[in-house]
Amino acid sequence: MDITALVDPLNPAQRDAVTAPASAMLVLAGAGSGKTRVLVHRIAWLMLVEQVSPHSILAVTFTNKAAREMRGRIEELLNFPAGNMWMGTFHGLAHRLLRRHARETGLPETFQILDSDDQYRLIRRILKTLELDEGRFPPKQIQWYINAHKDEGHRARHLAESYEPFERQLQRIYRVYEEQCDRAGLVDFGELLLRMHEFLRDNPEPLEHYRRRFRHVLVDEFQDTNAIQYAWLQLLTQGKDNLFVVGDDDQSIYGWRGARIENLHRFQHDNPNHRLVRLEQNYRSTGNILNAANALIARNEGRLGKDLWTSGGSGEPISLYAAFNEQDEAYFVADRIRQWTLEGHARSEAAILYRSNAQSRQFEEKLIALGIPYRVYGGLRFFERQEIKDALAYLRLLSNRNDDPSFERVINTPTRGIGTRTVDAIRDLAKDRESSLWQAAVELTTADVLPSRARGLLGAFLQLIDKLARQAAGKALQEQVQLIVEGSGLIDHYLKEKGEQGETRVENLKELVTAARQFDNEAPAADEEGMAPLDRFLAHAALEAGEAQGDPFEACVQLMSLHSAKGLEFELVFVVGLEDGLFPSMQSLEDPARLEEERRLCYVGITRAKRKLYLCYAESRRLYGRDSYPRPSRFLREIPAEHLEEVRMRGHVSRPVTAMPKGEPGVFAHIAAAGAGFKLGQRVTHASFGEGVILQAEGEGSQARVQVNFAKAGTKWLMLAYAKLEPA
DNA sequence: CTCGATGAGTTTTTT
DNA sequence: ACTCATCGAG
């Protein structure tokens with residue numbers, strides 16, 4: 001490949017970063033400034049010009065998606081597979097390393113990964129055994145406590161015993177939690193990183209091996225690194241001037257889950273020879289959008305500093321819409337999207353961004369009413385679904401009988417008559433013996449403690465697992481999964497579950513078999529060949545929970561939280577719910593640091609828009625069952641008026657004349673018809689068709705039409721301008 | 001075990 | 001207002 005092709009498509013700043021001589025490098029990459037391009041071209045540059053073997057390059061991202069994208073683009077650019085380059089997420093790489101060195105790190109070869117749901121359940125179980133009240137010790141808070149400490153590199157034994165009784169209990173729970181994980185051979189997400197860090201820190205030989213091997217270390221989204229990730233990168237690169245990081249302090253929106261924006265400053269301090277390159281030319285948005293974003297983010301303190309600019313025009317002004325209430329806001333947005341798509345634009349290029357997921361509902365209702373397909377991001381992902389986790393728990397039990405959380409999940413799922421009494425007895429004995437639940441259960445089937453019926457049922461369960469394990473031995477992965485899904489009785493169990501839910505679950509279980517087949521067909525990564533396919537599949541399920549929603553190809557309007565929108569871009573963007581208390585959120589209003597993070601979130605939202613941005617707020621909003629009258633978001637005042645243009649709905653926006661009757665959809669159709677408004681679901685009378693109910697509405701002004709279901713005449717579309725409908 | 005009543009909480013999310 | 005989880009009754 002020609003080097004000019006590597007360098008020519010880059011602007012001067014990008015070129016600086018890509019072609020820099022080996023040194024520590026901080027690339028401050030503004031939104032839409034081509035940061036992935038810089039990473040990809042940098043790696044290609046290292047390989048082609050510096051003659052670095054891909055074997056010597058380590059590239060780290062936060063999400064699997066980002067890792068996949070980077071790998072894909074490198075392969076596309078170089079036109080050959082980059083298989084032996086270590087490229088992945090922090091967690092994925094940690095996992096790979098721990099598998100390689102399992103024995104040295106004190107883990108069983110078959111260790112498995114706890115996802116946060118598993119972790120939550122385990123904590124609750126521990127609370128029960130410690131006889132602590134969930135009200136006083138909320139499991140969520142404990143989970144947060146444990147993870148926060150792990151992210152900082154602190155184990156329970158490192159914590160100085162607190163004088164404060166509550167804190168002391170937390171420490172105790174943490175200690176027990178660690179013991180339980182160790183005994184069961186389980187590793188949570190934080191543990192992956194922590195254990196990897198400790199291993200390298202305390203073992204000079206492997207550390208030196210990896211330090212020598214990785215001649216270049218590159219990190220994406222560096223502003224999202226936490227303390228332990230930073231420490232790990234330092235271990236690998238300290239004194240070698242070979243750490244190349246790309247990030248944007250202005251897009252740091254994950255402080256609440258441990259990301260340390262100050263790692264950017266620490267990087268500069270710890271790498272005194274570093275170079276700093278700013279990518280400020282933006283290839284995404286119009287001048288108005290960028291200037292609004294620049295002005296907003298300028299309010300934050302202690303920034304590394306950066307101003308986005310474009311060589312393109314300033315574009316349309318940003319539209320600001322003050323909605324009457326949240327319904328009106330939703331209708332406005334849906335209607336604008338409708339108009340926009342009528343102009344021939346792709347629905348998938350329109351996005352509605354909100355602060356909290358609960359806000360999606362209003363928009364969904366209005367989009368449905370206008371017949372616009374949409375897709376909501378977020379929610380349960382494939383490997384997080386209940387039925388999938390059930391099946392995975394069986395599989396984990398095959399691999400490791402001492403996996404207590406899996407044992408407990410599965411012992412009576414599907415129901416096989418093993419009740420709480422039996423399970424309690426198993427737990428008590430396991431506690432006494434300091435053994436796993438499995439071992440305790442085995443003992444109970446031979447002792448004379450349980451009633452004979454319970455003993456028999458328990459024995460049958462243990463035999464079932466052993467039998468499945470025997471049958472699965474030596475089989476191909478998808479056959480193993482198939483065997484478990486059926487042999488466990490899960491399929492039959494969910495077949496009995498009534499309604500659509502049960503059907504979906506059965507389909508998902510079948511899908512799991514397909515997923516296993518696909519997974520098995522893909523060539524194993526060179527470094528993980530020693531691992532049993534089943535263990536690899538289980539790790540894959542935990543580390544990459546899959547997409548939340550299928551059919552990303554259908555042309556849909558995109559609905560998502562501002563957090564989920566990071567890294568994406570759309571022609572048309574609506575940032576909605578810009579009200580103090582919602583965005584910025586209530587919890588952030590009083591705390592300057594959190595308020596700055598909210599401001600960065602707003603900055604992220606604004607910079608998603610390529611051509612047209614709408615900012616919306618509601619003058620009244622129904623929140624937690626009450627009407628609230630929030631002030632417009634302070635962020636709106638921080639955007640210079642010159643970039644904004646207030647919009648009004650043309651025609652008249654109908655307002656509720658009377659309260660909605662109970663049980664009706666809480667929807668007004670904003671039908672602009674000579675000042676008269678009708679609501680969806682409203683009863684109306686027509687001179688010749690008689691009485692009916694409004695089902696749908698579309699169009700406005702003289703074009704406004706409604707669909708009415710008449711009691712006698714059936715369903716009809718009527719032009720409001722002619723139909724002379726009267727409220728019934 | 002399944003159903004319905006009751007009560008608490010209600011930003012953001014990946015791995 | 002609404003969801004989700006737990007708890008008690010059948």
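Computed from heavy atoms alone, side chains included, the values below leave out hydrogens, waters and symmetry copies. Labels below follow one simple rule: chain letters A, B, ... track the order of the sequence lines, proteins then strands, and each chain is numbered from 1.
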Item to check | Contact letters for nucleotides 6-15 of chain B, in which S counts primed atoms plus P, OP1 and OP2 and B counts the base, heavy atoms under 4.0 Å | outcome: ----BBBBBB
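Partners of A:Asp224 under the side-chain hydrogen bond (donor to acceptor under 3.5 Å, both in side chains) rule, at least two apart in sequence or in another chain, are A:Lys566. The side-chain hydrogen bond (donor to acceptor under 3.5 Å, both in side chains) check on A:Asp591 picks up nothing, with sequence neighbours excluded. Evaluation of the side-chain contact (heavy atoms from CB on, under 4.5 Å) rule for A:Ala29 yields A:Val27, A:Ser33, A:Lys35, A:Val246, A:Leu279 as partners, not counting sequence neighbours. In this view, A:Gln112 and A:Asp535 satisfy the side-chain hydrogen bond (donor to acceptor under 3.5 Å, both in side chains) rule, not counting sequence neighbours. Partners of A:Tyr145 under the ring-ring contact (aromatic ring centres under 6.0 Å, His included) rule, at least two apart in sequence or in another chain, are A:His149. The ring-ring contact (aromatic ring centres under 6.0 Å, His included) test applied to A:His197 returns no partner, not counting sequence neighbours. Legend: residues meeting ring-ring contact (aromatic ring centres under 6.0 Å, His included) with A:Tyr254, ordered by chain and number and at least two apart, are A:Trp256, A:His563. Not a single salt bridge (Lys or Arg N to Asp or Glu O under 4.0 Å) links A:Glu364 to another residue, sequence neighbours left out. For the side-chain hydrogen bond (donor to acceptor under 3.5 Å, both in side chains) test, no residue two or more places apart in sequence or in another chain qualifies with A:Gln141.
Counted by atom type alone, A:Glu598 and A:Ser588 present one or more donor-acceptor pairs between their side chains at under 3.5 Å.
A:Arg622 comes within 4.0 angstrom of sugar-phosphate atoms only, judged by non-hydrogen atoms across all strands, and of no base.
The stretch residues 409-416 of chain A touches DNA chain B through A:Asn412, A:Thr415, each having a heavy atom within less than 4.0 Å of the strand.
Distance noted for atom P between C:dA5 and B:dT12: 15 Å (whole Å). To the nearest whole angstrom, the two P atoms, one in C:dT3 and one in B:dT14, are 22 Å apart. Spacing of P atoms, C:dC4 relative to B:dT13, comes out at 15 Å, to the nearest Å.
Taking the six-membered ring for Trp, A:Phe461 and A:Phe407 have ring centres closer than 6.0 Å.
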Which protein N or O atoms sit under 3.5 Å from an N or O of nucleotides 6-10 of chain C?
unit_1 : atom_1 : unit_2   : atom_2 : d
C:dT6  : OP1    : A:Arg124 : NH1    : 2.5
C:dT6  : OP1    : A:Arg124 : NH2    : 2.1

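As a whole-Å value, the separation of A:Gln359 CD from C:dC2 P is 16 Å.
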